[in-house]
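Note on naming: letters A, B, ... go to the chains in the order of the sequence lines (proteins, then strands), and numbering restarts at 1 for each one.
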Amino acid sequence: MMSTERTPLISARGLTRRFGDRVAVEGVSFDLRPGEVLALLGPNGAGKTTTMRLLAGLIGPDEGTVEVGGVPLTRHVGTALRRRIGLLTEAPGLWDRLSVEANLLTYARLYELDDPARRVRESLARFGLLDRRADFAATLSKGMKQKVALARALLHDPGAVLLDEPTAGLDPAMARSVRELVRELRDEGRAILISTHNLDEAERVADRVAVLKQRLIAVESPETLRRRLFGTHVRIDVVGPAGPWLGTVQRVAPFDAVADGSTLRCRIERSEEHIPAIVRALVQAGAAVRSVVEERAGLEDVYLALVDSESPGSNHGPGTATH
Amino acid sequence: MSATRILALLRKELLDLSRTRAAIMPGIWTLLALVVPFVIAIGVPAVTGDKTVDKDITDVLDKVRKHWPALDGLSNEAMTQAFFFQQFLMMLVLVPVTGSMALAAYSIIGEKQARTLEPLLATPATTAEILVAKVLASFLPALLIEAIGIVLYFGGIALLGAPGVLGALVSPRTALVLLVLAPLASLIALQIVVIASSRVNDYRTAQQFGTLVVLPVVAILIAQGTGFFWLTVPMILAAAGVLLIVWILLLLFGIAIFEREQILTRWK
């Protein structure tokens, strides 16, 4: 089943939060479904952490609602619903003078888990922390602290996991293990919201990306966003100058076709239909086609285009967010 | 309110405290405070050889005797010692509490500064549970130090005091002051400081709020020391009842004004 067909675990509708005169987030709406990773992207101060806090019930919205499993998150039910959410905060937030095990044990007891010691042992084993369990949190590296914080966020087996910049400041190996964990969690059927500045990371793990700049600019899969903003481009290398074959290409794909040296470039709408048609037309016209490459815009280009469209003075209108 | 969650937080606080060097300071201050009355009541007369009683003290003793019949039949030396040991009794309570105020003042601010508060607030723990655990975490060590102090104090009096002094001091009144009134006053002082810790950005400011309670207790001590005022058993029981109600009201007030959002979003 496609993740978009599943019942949302978390539904945000029209979330608006102001701090004094400053609007942190405005009219944010999206769904987070089981077995889905949604990456929350946005520049500094775009409202990512505020959105995370709103979803975790740490702060309330001025307008809008959050539903967890169909139940509106309010002050009265917040305590019970927090059991269904695991939050990794921006800072690991471990108690420095407590051991790794004591940190986790305290949280296991706060969640009133059955046999907290066993749950902590299992968690330590899962995260490869058994040999560090007696170490004080203060003595851990940033990566290890993040690992313990992740273990803490998942200790109570939450259905929804909110990860605020989980790989920030981690070395590549540690960041990779975090990404692998995120995939594991998705495969276990959890709904995951991951806030990140790392577009490569978002591309690798997210099923959909949400671009936020106070307002939600877009919520779609990276591929859909690419198509919507840039379309698909194809590059054809021929033997000899490409200029004589430009007209041939334009007859099949009239959008943005250019010839440069021995290379032809054009934008196409449906690659499975247009690429064979272009190649066929070129070969019939006598061109010696050397290679055909479908070029995809990077997520970075997509992101920058979207964020730029929301900047003051931009000529572009904001993208349409679909949920 | 969940006892499991309060205990979880309390265990964490006490474990954390046990690894803090500053945690031993209330104990050290209490030990030093314990020595003072022995120096004044026993040490100085022994060194100087002067066992005459100052006229000011005899005047106060004359006023106090009608409330304190156990003094009858004691020698002048024993009466003077009993008077001093009685006056310093409250030090056993005040000193540990004053030390614990630093812990209470740091309780919420410290979590915020260490950035440990946000994950804690994301758990099912309620504000009431967090506040109760925080105040107990600073109150219980103070109580433990007070208990040890009492044992040492009365043990020292039994060993070093003049005959009859210990008997004059051990009474239902003393027991009520030490075991009921003083702990309740401590609880209130620490509760006020914990509330302040959740409202201000600086632990020193929070600590100063505790003096709001300590100062009236000191005033009562001075009043007793001058014979101007004497706490009787019914007065102590009535005061204890009032203090208990005040503590519950303070706890409810603290819960009402604990602004999770403000703490998370405004404090730097």
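Between B:R5 and A:E112, the closest side-chain pair of non-hydrogen atoms falls below 4.5 Å. Counting only heavy atoms from C-beta outward, the side chains of A:M174 and A:M144 approach each other to under 4.5 Å. Using a 4.5 Å heavy-atom threshold, the side chains of A:V25 and A:T16 count as separate. Residues A:L216 and A:V211 form no side-chain contact, since every pair of their non-hydrogen atoms from C-beta on lies 4.5 Å or further apart. The side-chain heavy atoms of B:F38 and B:L160, taken from C-beta on, include a pair separated by under 4.5 Å. Using a 4.5 Å cut-off on side-chain heavy atoms (C-beta onward), A:L185 and A:R190 make contact.
Listed in order of number, the residues of residues 9-18 of chain B that approach chain A to under 4.5 Å between heavy atoms are B:L9, B:R11, B:K12, B:L15, B:D16. Contacts from residues 124-157 of chain B to chain A, taken as heavy-atom pairs separated by less than 4.5 Å, involve B:P124, B:A125, B:T126 in sequence order. Residues of residues 46-63 of chain A that come closer than 4.5 Å to chain B, counting heavy atoms only, are A:R53, A:L58, A:I59, A:G60, ordered by residue number.
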Exercise for the section: Apply side-chain contact (heavy atoms from CB on, under 4.5 Å) to A:L113 and A:Y107, showing your working. Expected result: CA-CA 9 Å; A:L113 303 179; A:Y107 275 85; over 6 Å; no

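Here B:E118 is the residue among B:E111, B:E118, B:R115 with the most heavy-atom pairs under 4.5 Å with chain A. When B:A114, B:P119, B:A8 are compared by the number of non-hydrogen pairs under 4.5 Å with chain A, B:P119 comes out ahead.
When all heavy atoms of A:A108 and A:V120 are compared, the pair lying nearest together is CB-CG2, 3.9 Å.
For A:P116, no part lies under 4.5 angstrom from a heavy atom of chain B. Proximity to chain B is limited to the side chain of A:T89, based on heavy atoms less than 4.5 angstrom apart. Using a 4.5 Å cut-off between heavy atoms, B:L7 makes no contact with chain A at all.
Results of the side-chain contact (heavy atoms from CB on, under 4.5 Å) test with B:V180 over B:V177, B:L178, B:L184 single out B:L184 as the only residue that passes. Each of A:L9, A:V37, A:I10 was compared with A:L32 under the side-chain contact (heavy atoms from CB on, under 4.5 Å) criterion, and only A:I10 meets it.
Salt bridge absent: A:D157 and A:R83 never bring a charged side-chain N and a carboxylate O closer than 4.0 Å.
Note that the CG atom of A:N103 and the CG atom of A:L94 stand 5.0 Å from one another [nearest 0.5 Å]. Here the NZ-OG1 distance, from A:K145 to A:T139, works out to 8.0 Å after rounding to the nearest 0.5 Å.
If you check the side chains of A:E201 and A:T196, you find a donor sitting under 3.5 Å from an acceptor.
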Pairs of donor and acceptor atoms involving the side chains of residues 125-138 of chain A, under 3.5 Å and at least two apart or interchain, shall be tabulated with distances.
unit_1: A:R126; atom_1: NH2; unit_2: A:E184; atom_2: OE1; d: 3.2
unit_1: A:R126; atom_1: NH2; unit_2: A:E188; atom_2: OE2; d: 2.8
unit_1: A:R132; atom_1: NE; unit_2: A:D135; atom_2: OD2; d: 2.5
unit_1: A:R132; atom_1: NH2; unit_2: A:D135; atom_2: OD2; d: 3.2
unit_1: A:R133; atom_1: NH1; unit_2: A:L130; atom_2: O; d: 2.8

